[in-house]
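Following: one structure in structure tokens, then a few remarks.
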Amino acid sequence: MSAKTLHFNAFIWPNGYHESAWRVVNDDVRNVLSLSYYTDIARTAERGLFDSIFLADNIAIAEYRATYLPQTQFDPISVLSALAAVTDHIGLIGTGSTTYNKPWELARRFATLDHLSGGRAGWNIVTTVTPLAAANFGEPVHPDHADRYARAHEFVEVVTRVWDSWDDDAIIGDRERGVWADRSKLHAPRFHGEHYDVEGVQPFPRSPQGHPVLVLAGQSGAGIELAARYAEMSFSGPPSLEAAVSFRADLHARAAASGRDPEQLLVLPALMVTLGGTEAEAHARARQLEELTSPEFRWQNALYTAGLDPDAYDPDVPLPAHLWAEQSPSTRADQLFAAARAQPDAPLREVAQRVSGGAGQTHFIGTPEQLADHVIAWQDAGAVDGFTIMGSTLPYELTAFVDHVVPILQRRERFRTEYTGSTLRNHLELQRPSA
Ligand SMILES: Cc1cc2nc3c(=O)[nH]c(=O)nc-3n(C[C@H](O)[C@H](O)[C@H](O)COP(=O)(O)O)c2cc1C
């Protein structure tokens, strides 16, 4: 392969990532609650030689969402464990919150997935934006942004120590002497920090990848700092090519400053795609989705994704200015507040039209040929190592990507023609950390 191979991660979302997806696909609406929905998508992504599939996690659901969107937020690890049994190669990345888990327990769950899948697990590290989570976990308050990231540093440190608590060669299996493992090769974390105290070893040996692959999508200064320190894959990236090039360069410079090899941090920003056999067909499909969007959903979602409770605000008056006098709860809140400050007299409903939806991803609309050109241009400019592909509808966009975009990229020698290894680290060309 002349240029470096691209990497692709398939974002799985019920019926597709566009808010109107569920209204245009033909499936039975309840199908998104069945294992077969996930199985079909995972197998399609694997047929297309994707590096990984990805499941998000939202541990508190504002009730307004049930009106407008399919609600399918299962526990990602449970779903990925089921998918491990029906796939052979594809990486399995799931989200886990550092604010609402205990590090020892989370380390165990991801290492279990890594064992059961033969080394295909990845952990998307999130600090959880929505304050609604606190009440679900019996916490009196949702920690603020800075506090969440301070904890996250310690949390990830503890998790990696738990994963490293067995040397790779600890199992002996000496039946004659009756020694299953060499106890001298166990190293208890015995971690005592500001936020966490964790004593004991993982309750099984080190997993195939040593560490499941560490992923982050932080966009704030603190989020980027955490990614530079630990992440091996970033899902973030700004929408313009120029900004994306400097984002990746900055991330790499910061990774190098913390003593890491920048090559070991891949940037696969989220890209929502709508494909068509012709440009006109792609635009017609995207238009149909846009025409079905709901302004009611838009303002509530703008608040929710910014970490605010939609039930607490009136859409027909401006957002209260005291919000931006306090510390911002998230990057998405900054965007919303900036839009509100630009139009201080406009009601929330109107301001919300100006902030992007979902994970802040770009929406690509076009033909497979155009998408292949786009992906290659971004790789050549040094903006990305690949993309996290969000089909605006599923499985249509993923199937179209696999059947039509992948062959173009293969012909242009930018994408693998077969899996050459069996672990997620192999696919991503990431080193396996030593214990
Ligand atoms: C592709 C992508 C996937 C994400 N997945 C999740 C998720 O599953 N759960 C979650 O709570 N946040 C998720 N986030 C939000 C990020 O973790 C992060 O909080 C957000 O990008 C804001 O950055 P900040 O935390 O640095 O302010 C995701 C973001 C992106 C771009």
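All heavy atoms count here, side chains included; hydrogens, waters and symmetry mates do not. What you see is a predicted model; the values in this text were computed from it and never measured.
Under the 3.5 Å distance criterion, with hydrogens and angles disregarded, a donor-acceptor pair is assigned to the side chains of Asn31 and Ser34. At a cut-off of 3.5 Å, with distance as the only test, a side-chain donor of Asn301 or Arg65 sits close to an acceptor on the other residue. In this model, a donor atom of one side chain and an acceptor atom of the other lie less than 3.5 Å apart for Thr87 and Arg120. Arg414 and Gln379 share a side-chain donor-acceptor pair at under 3.5 Å.
Salt bridge Glu225/Arg229: absent, no basic N to carboxylate O contact under 4.0 Å. Using a 4.0 Å cut-off between charged side-chain N and carboxylate O, Glu413 and Lys4 make no salt bridge.
Shortest non-hydrogen contact noted between Ala339 and Arg354 is CB-CB, 4.5 Å. Heavy-atom minimum distance, Ser236 versus Gly218: OG-O, 3.0 Å. Between Thr128 and Arg148, the closest heavy-atom pair is O-NE, 3.0 Å. Here the closest heavy-atom approach between residue Ser117 and residue Ala84 is recorded as CB-CB, 3.9 Å. Across all non-hydrogen atoms, the minimal contact from Asn101 to Gly96 is ND2-C, 4.1 Å. Of all non-hydrogen atoms in Asp147 and His195, the two that sit nearest each other are OD1-CE1, 4.1 Å.
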Exercise for review: Give the C-alpha distance, both sets of side-chain angles, the deciding distance and a yes or no for side-chain hydrogen bond (donor to acceptor under 3.5 Å, both in side chains) between Tyr17 and His363.
Suggested key: CA-CA 10 Å; Tyr17 202 76; His363 189 176; over 6 Å; no

Review point. Hey, mind stepping through Leu6 and Phe387 against side-chain contact (heavy atoms from CB on, under 4.5 Å) and telling me if it holds?
Key: CA-CA 8 Å; Leu6 284 155; Phe387 284 96; 5.7 Å; no

Practice item. For the pair Tyr196 and Phe191, evaluate ring pair (Phe, Tyr, Trp, His ring centres under 6.0 Å) and give the outcome as yes or no after the intermediate values. Key: CA-CA 7 Å; Tyr196 301 106; Phe191 183 93; 7.7 Å; no

**Study point:** Candidate pair Glu157 and Tyr230, rule side-chain hydrogen bond (donor to acceptor under 3.5 Å, both in side chains), full reasoning
**Key:** CA-CA 9 Å; Glu157 185 62 38; Tyr230 292 105; 2.8 Å; yes

Review point. Between Gln300 and Leu303, is a side-chain contact (heavy atoms from CB on, under 4.5 Å) present by the stated rule, with each step listed?
Key: CA-CA 5 Å; Gln300 294 178 80; Leu303 290 173; 5.9 Å; no

Exercise for review: Tell me, with the steps shown, if Asn15 and Thr393 meet side-chain contact (heavy atoms from CB on, under 4.5 Å).
Suggested key: CA-CA 6 Å; Asn15 298 135; Thr393 74; over 6 Å; no

Review point. Between Val129 and Thr305, does a side-chain contact (heavy atoms from CB on, under 4.5 Å) hold up when you go through it step by step?
Key: CA-CA 7 Å; Val129 172; Thr305 56; over 6 Å; no

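Contact annotation: the side chain of Val25 never approaches that of Tyr396 to less than 4.5 Å [non-hydrogen atoms, C-beta and beyond]. Between Val126 and Thr98 there is no side-chain heavy-atom pair separated by less than 4.5 Å. For the pair His283 and Thr274, the minimum side-chain heavy-atom distance is 4.5 Å or more. In this structure, Ser392 and Leu289 have side chains that are in contact, with non-hydrogen atoms separated by less than 4.5 Å. With contacts defined as side-chain heavy-atom distances shorter than 4.5 Å, the pair Asp250/Ile224 qualifies. Glu369 places none of its side-chain heavy atoms less than 4.5 Å from the side chain of Val405. At least one side-chain heavy atom of Leu336 sits under 4.5 Å from a side-chain heavy atom of Leu319. Residues Ile376 and Arg412 are in side-chain contact: their nearest non-hydrogen atoms beyond the backbone lie under 4.5 Å apart.
Applying the ring pair (Phe, Tyr, Trp, His ring centres under 6.0 Å) criterion to Phe204, with sequence neighbours excluded, gives His115. Among residues two or more places apart in sequence or in another chain, the ring pair (Phe, Tyr, Trp, His ring centres under 6.0 Å) test is passed with His211 by Trp163. Taking the ring pair (Phe, Tyr, Trp, His ring centres under 6.0 Å) definition, one finds that His89 meets it with Tyr419, sequence neighbours left out. For Asp144, there are no side-chain hydrogen bond (donor to acceptor under 3.5 Å, both in side chains) partners at least two apart in sequence or on another chain. In this structure, the ring pair (Phe, Tyr, Trp, His ring centres under 6.0 Å) partners of Phe337, at least two apart in sequence or on a different chain, are Trp324. Contacts of His145 classified as side-chain hydrogen bond (donor to acceptor under 3.5 Å, both in side chains), with partners at least two apart in sequence or in another chain: Ser220. For Asn136, there are no side-chain hydrogen bond (donor to acceptor under 3.5 Å, both in side chains) partners, not counting sequence neighbours.
Between the side chain of Ser165 and the backbone N or O of Gln202 there is at least one donor-acceptor pair closer than 3.5 Å. No donor-acceptor distance shorter than 3.5 angstrom exists from the side chain of Thr72 to the backbone of Leu33, with no hydrogens or angles considered. Judged by distance alone, the side chain of Trp166 and the main-chain N or O of Val201 form no donor-acceptor pair under 3.5 Å. The backbone N or O of Thr423 sits less than 3.5 Å from a side-chain atom of Asn426, completing a donor-acceptor pair. In this structure, Ser20 contributes its side chain and Arg23 its backbone to no donor-acceptor pair below 3.5 Å.
Identified under the salt bridge (Lys or Arg N to Asp or Glu O under 4.0 Å) test for residues 302-314, with sequence neighbours left out: none. A ring pair (Phe, Tyr, Trp, His ring centres under 6.0 Å) check over residues 289-308, counting only residues at least two apart or in different chains, returns the pairs Tyr64-Tyr304, Tyr68-Phe297. Pairs of residues two or more places apart, or lying in two chains, that qualify as salt bridge (Lys or Arg N to Asp or Glu O under 4.0 Å) and include a residue from residues 75-84 are Asp75-Arg109. Applying the salt bridge (Lys or Arg N to Asp or Glu O under 4.0 Å) test to residues at least two apart or on different chains, the pairs with a partner in residues 270-295 are Arg285-Glu397.
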Between side-chain atoms of residues 50-57 and protein atoms elsewhere (two or more places apart, or another chain), which donor-acceptor pairs fall under 3.5 Å?
unit_1	atom_1	unit_2	atom_2	d
Asp51	OD1	Phe8	N	2.8
Asp51	OD1	Arg416	NH1	3.4
Asp51	OD2	His7	ND1	2.8
Asp51	OD2	Arg416	NH2	2.8
Ser52	OG	Asn9	OD1	2.8
Asp57	OD1	Gln73	NE2	3.2

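Taking the six-membered ring where the residue is Trp, Phe155 and Trp123 present tilted rings, their angle falling between 30° and 60°. Note on ring orientation: taking the six-membered ring where Trp is involved, the planes of Phe11 and Trp13 are perpendicular (angle over 60°, cut-offs 30° and 60°).
Residue Arg349 places its CZ atom among more than 12 non-hydrogen atoms of other residues, nucleotides or ligands, all under 6.0 Å distant. The local environment of CD in Glu63 is sparse, with at most 12 non-hydrogen atoms from other residues, nucleotides or ligands closer than 6.0 Å. Enclosure of atom CD in Gln431 is not indicated, since only 12 or fewer non-hydrogen atoms of other residues, nucleotides or ligands lie within 6.0 angstrom.
Just one residue in the list Glu232, Arg254, His252 forms a side chain to side chain contact (heavy atoms under 4.5 Å, CB included) with Arg260, and that residue is Glu232.
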